[in-house]
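Numbers here are sequence positions counted from 1.
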Amino acid sequence: MHTPFPSSLDTDAVQQLTEWAIMHGQAFRKSDGTARHAPFSLSPLPISQEELERLTRVIPLISRVIDRVSENHHFLQHSLGPAASADPFFGRLLEMHQQLHANPGEVRRIPLLVMRTDFMQDQVFGPKVIEFNGIAAGMAPFGQRVAELHRFVQQQWPGLVPDLNKHQLVENRGMHLLARAMANAAIEVNRIHGGEGKPTFLMVVQDNEDNVYDQHLLAQEIQSAGVRTIRRTFDQLADQLYTGDNHRLMLEGEGAIDLVYLRAGYQYSDYFSLSRRDAICCHTLCQTRLFIEKHAVAVNATIGQQLATSKAMQLILTNMTPEEYASFGLTVEEATQIKSVLAEMRQVSPASIKHFIENEDINNWVLKNQGEGGGHCIFGSDIIGKLHTLPQADHAAWAVMQKLTPETRRALVIRDSKAHLVDELVSEIGLFSVMFNGNPATDLDGYAGYLIRSKPAHEGEGGVHSGQGVLDSMQLLD
């Protein structure tokens with residue numbers, strides 16, 4: 001007998017679910033210091049075992065390419081010059097990268113690549129990459145927590161939402177795997193320096209951060225592995241960092257640092273301080289980031305990693321032939337696997353603008369710039385208006401990308417402690433991976449769990465923090 005889909009939930013169930021979320025850290029901090037739960041779905045994304053295995057097979061290959069691109073100074077400088085000239089912040093990043101590598105002997109950091117590759121399942125073409133995230137690639141703890149919440153619902157209220165009992169939930173150990181890889185990196189750097197003192201992890205955060213619980217969940221898991229954790233902003237670090245023996249990175253009042261993890265630094269405002277009167281905007285805090293990379297410390301994200309996971313580099317990799325991937329140590333077969341999940345991308349230029357306006361259905365494309373953190377995509381008729389007004393000097397900072405059409409599903413979502421029925425929910429699959437000093441850093445060939453973010457199909461911005469997205473999990477189709 002068919003079980004009708006519930007249009008809502010009773011008040012008691014909603015209250016218990018939101019309390020569970022806040023109690024387990026699945027929350028955002030409000031301006032008054034209290035917490036609100038992060039929104040979540042109660043209808044996990046269905047995925048076949050075959051498709052899941054395909055994604056987890058390709059992730060180590062993508063990680064290997066990005067890791068090698070990020071360490072290839074010449075390739076980054078040569079290939080990203082046009083985008084840097086069109087986007088001031090991107091230009092500053094490339095300038096910082098050039099400054100850092102002007103004297104290769106001063107680049108002492110050990111690269112720790114922590115990235116999230118975001119996919120969407122197209123109805124025709126299957127899973128395709130939306131973007132790479134190589135700096136501040138957060139919410140692995142939230143991904144694990146919402147999977148645990150869904151399991152809690154299965155056990156506590158087995159008949160509450162039919163979708164939650166249709167199929168087996170996909171296990172998600174994202175918080176644990178990511179934290180363990182980071183802790184091991186900090187422990188290894190500490191060992192290299194003689195093993196004196198407790199291994200120490202420094203998280204660089206934004207001022208007045210409200211996404212603190214996701215960060216604290218990760219830090220707590222790292223602490224459980226015997227690593228001390230510290231939080232600082234770039235502004236604080238500018239006056240507190242100094243050089244110790246053997247090029248160790250030292251923090252005033254705390255001692256040696258073994259790992260630096262950036263949850264800031266992906267936008268210009270992270271380097272701006274009202275209290276600093278730099279002749280060139282953001283100079284001091286940019287130099288602070290450079291200072292970190294000149295020390296014998298594990299770093300995520302290096303400037304090279306940030307550049308290698310940019311949309312400009314995604315465009316370049318998408319349009320390379322499988323044979324050209326050989327320079328990054330991949331076989332043609334491995335490169336073909338990567339190419340099979342890269343959505344089509346085209347550079348914006350006078351010729352491509354003319355072609356799109358005259359020959360393409362603009363609704364099949366998305367216009368993107370180099371911005372990170374959500375809210376940087378343009379859809380539909382707005383694309384034409386933007387292309388008409390975009391100065392030619394800015395063209396290299398923009399690209400058009402194939403718009404994906406995922407399957408939709410009915411779902412119950414919980415937002416602001418209220419249940420809402422969404423008729424057409426679509427999902428984005430984020431897969432985490434970690435490499436330390438060029439090698440996979442988990443026992444799953446570098447794979448480190450997943451983050452599912454779902455949103456109503458008509459919404460353009462699907463960020464859980466910045467838009468209409470909700471946290472979700474996956475379940476296996478029979």
Side-chain angles (χ1 to χ4, degrees), residues 2-46 138-176 210-221 224 409-427 449-456 459 462-476:
H2 176 68
T3 303
F5 198 95
S7 60
S8 188
L9 298 179
D10 65 72
T11 303
D12 180 64
V14 172
Q15 181 175 338
Q16 289 195 51
L17 290 172
T18 55
E19 288 173 350
W20 189 100
I22 292 175
M23 179 176 67
H24 289 83
Q26 186 183 304
F28 298 122
R29 184 174 63 189
K30 296 168 65 175
S31 59
D32 62 1
T34 60
R36 62 180 176 91
H37 74 89
F40 55 91
S41 160
L42 290 174
S43 304
L45 170 69
M139 290 196 178
F142 279 3
Q144 179 172 324
R145 277 291 187 256
V146 74
E148 294 167 351
L149 172 59
H150 286 167
R151 198 169 303 281
F152 167 73
V153 175
Q154 283 183 332
Q155 296 169 351
Q156 186 72 10
W157 296 290
L160 187 68
V161 182
D163 280 11
L164 263 173
N165 293 281
K166 283 183 179 178
H167 309 286
Q168 176 187 348
L169 291 173
V170 177
E171 182 184 26
N172 189 0
R173 297 191 296 140
M175 175 172 64
H176 172 78
D210 60 356
N211 193 18
V212 294
Y213 297 105
D214 175 75
Q215 297 172 1
H216 284 307
L217 285 170
L218 181 66
Q220 186 176 27
E221 193 78 6
S224 70
R409 64 190 187 280
R410 296 189 83 196
L412 271 175
V413 302
I414 310 296
R415 181 187 296 278
D416 297 327
S417 301
K418 295 178 182 178
H420 306 272
L421 180 63
V422 177
D423 286 326
E424 294 186 312
L425 195 75
V426 297
S427 295
Y450 67 86
L451 170 70
I452 307 298
R453 292 171 298 175
S454 301
K455 66 174 184 177
E459 292 288 348
V464 175
H465 186 255
S466 59
Q468 292 301 308
V470 297
L471 298 169
D472 221 331
S473 70
M474 289 190 285
Q475 56 184 355
L476 289 174

Original post:
Going through the checks in order, is the side chain to side chain contact (heavy atoms under 4.5 Å, CB included) test met by Arg409 and Ser427?
Top reply: CA-CA 9 Å; Arg409 64 190 187 280; Ser427 295; 3.0 Å; yes

Subject >> Pair Gln220-His216, side chain to side chain contact (heavy atoms under 4.5 Å, CB included): steps then yes or no >> reply: CA-CA 6 Å; Gln220 186 176 27; His216 284 307; over 6 Å; no

Subject >> Steps toward side chain to side chain contact (heavy atoms under 4.5 Å, CB included) verdict (Val470, Val422) >> reply: CA-CA 11 Å; Val470 297; Val422 177; over 6 Å; no

**OP:** Evaluate salt bridge (charged side-chain N to carboxylate O under 4.0 Å, His left out) for Arg145 paired with Glu148, printing each intermediate quantity in order.
**Re:** CA-CA 5 Å; Arg145 277 291 187 256; Glu148 294 167 351; 2.8 Å; yes

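Rounding to the nearest 0.5 Å places CD of Gln144 at 10.5 Å from CG of Leu218. If you take CZ on Phe28 and NE2 on His37, they are separated by 10.5 Å, rounding to the nearest 0.5 Å. A distance of 7.0 Å separates CZ of Arg36 from CG of Asp416, quoted to the nearest 0.5 Å. From Ser41, atom OG reaches atom CG of Leu412 across 8.0 Å, with rounding to the nearest 0.5 Å. Note that CD of Gln26 and CG of Leu217 are 9.5 Å apart. Values are rounded to the nearest 0.5 Å.
Under a 3.5 Å cut-off, the side chain of Arg415 and the backbone N or O of Gly469 do form a donor-acceptor pair.
Counting heavy atoms of neighbouring residues, nucleotides and ligands inside a 6.0 Å radius, atom CD of Gln156 exceeds 12 of them.
Remark: Tyr450 engages no residue in a ring-ring contact (aromatic ring centres under 6.0 Å, His included) (not counting sequence neighbours). Applying the side chain to side chain contact (heavy atoms under 4.5 Å, CB included) criterion to Asp214, with sequence neighbours excluded, gives Met139, Pro141, Phe142, Asn211, Arg263.
Contact between Ser454 and Asp472 at its shortest, heavy atoms only, is OG-OD2, 2.7 Å. Taking every heavy atom of both residues into account, Ala411 and Ser43 meet most closely at CA-OG, 3.2 Å. Nearest heavy atoms, Gly449 versus Asn172: CA-OD1, 3.6 Å. When all heavy atoms are compared, the tightest approach of Glu221 to His176 is OE2-ND1, 3.2 Å. For Gln154 against Leu164, the heavy-atom pair with the smallest separation is NE2-O, 2.6 Å. Taking both residues in full, the closest heavy atoms of Leu42 and Val153 are given as CD2-CG2, 4.2 Å, listed atom of the first, atom of the second, then distance.
By the 4.5 Å heavy-atom criterion applied to side chains, Pro46 and Lys166 are not counted as neighbours. Between Val413 and Pro39 there is no side-chain heavy-atom pair separated by less than 4.5 Å.
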Tell me which donor-acceptor pairs under 3.5 Å the side chains of residues 15-23 have, and how far apart each pair is, sequence neighbours excluded?
from, atom 1, to, atom 2, distance (Å)
Gln15, NE2, Glu19, OE2, 2.9
Gln16, NE2, Asp12, OD2, 3.0
Thr18, OG1, Val14, O, 3.1
Thr18, OG1, Gln15, O, 3.0

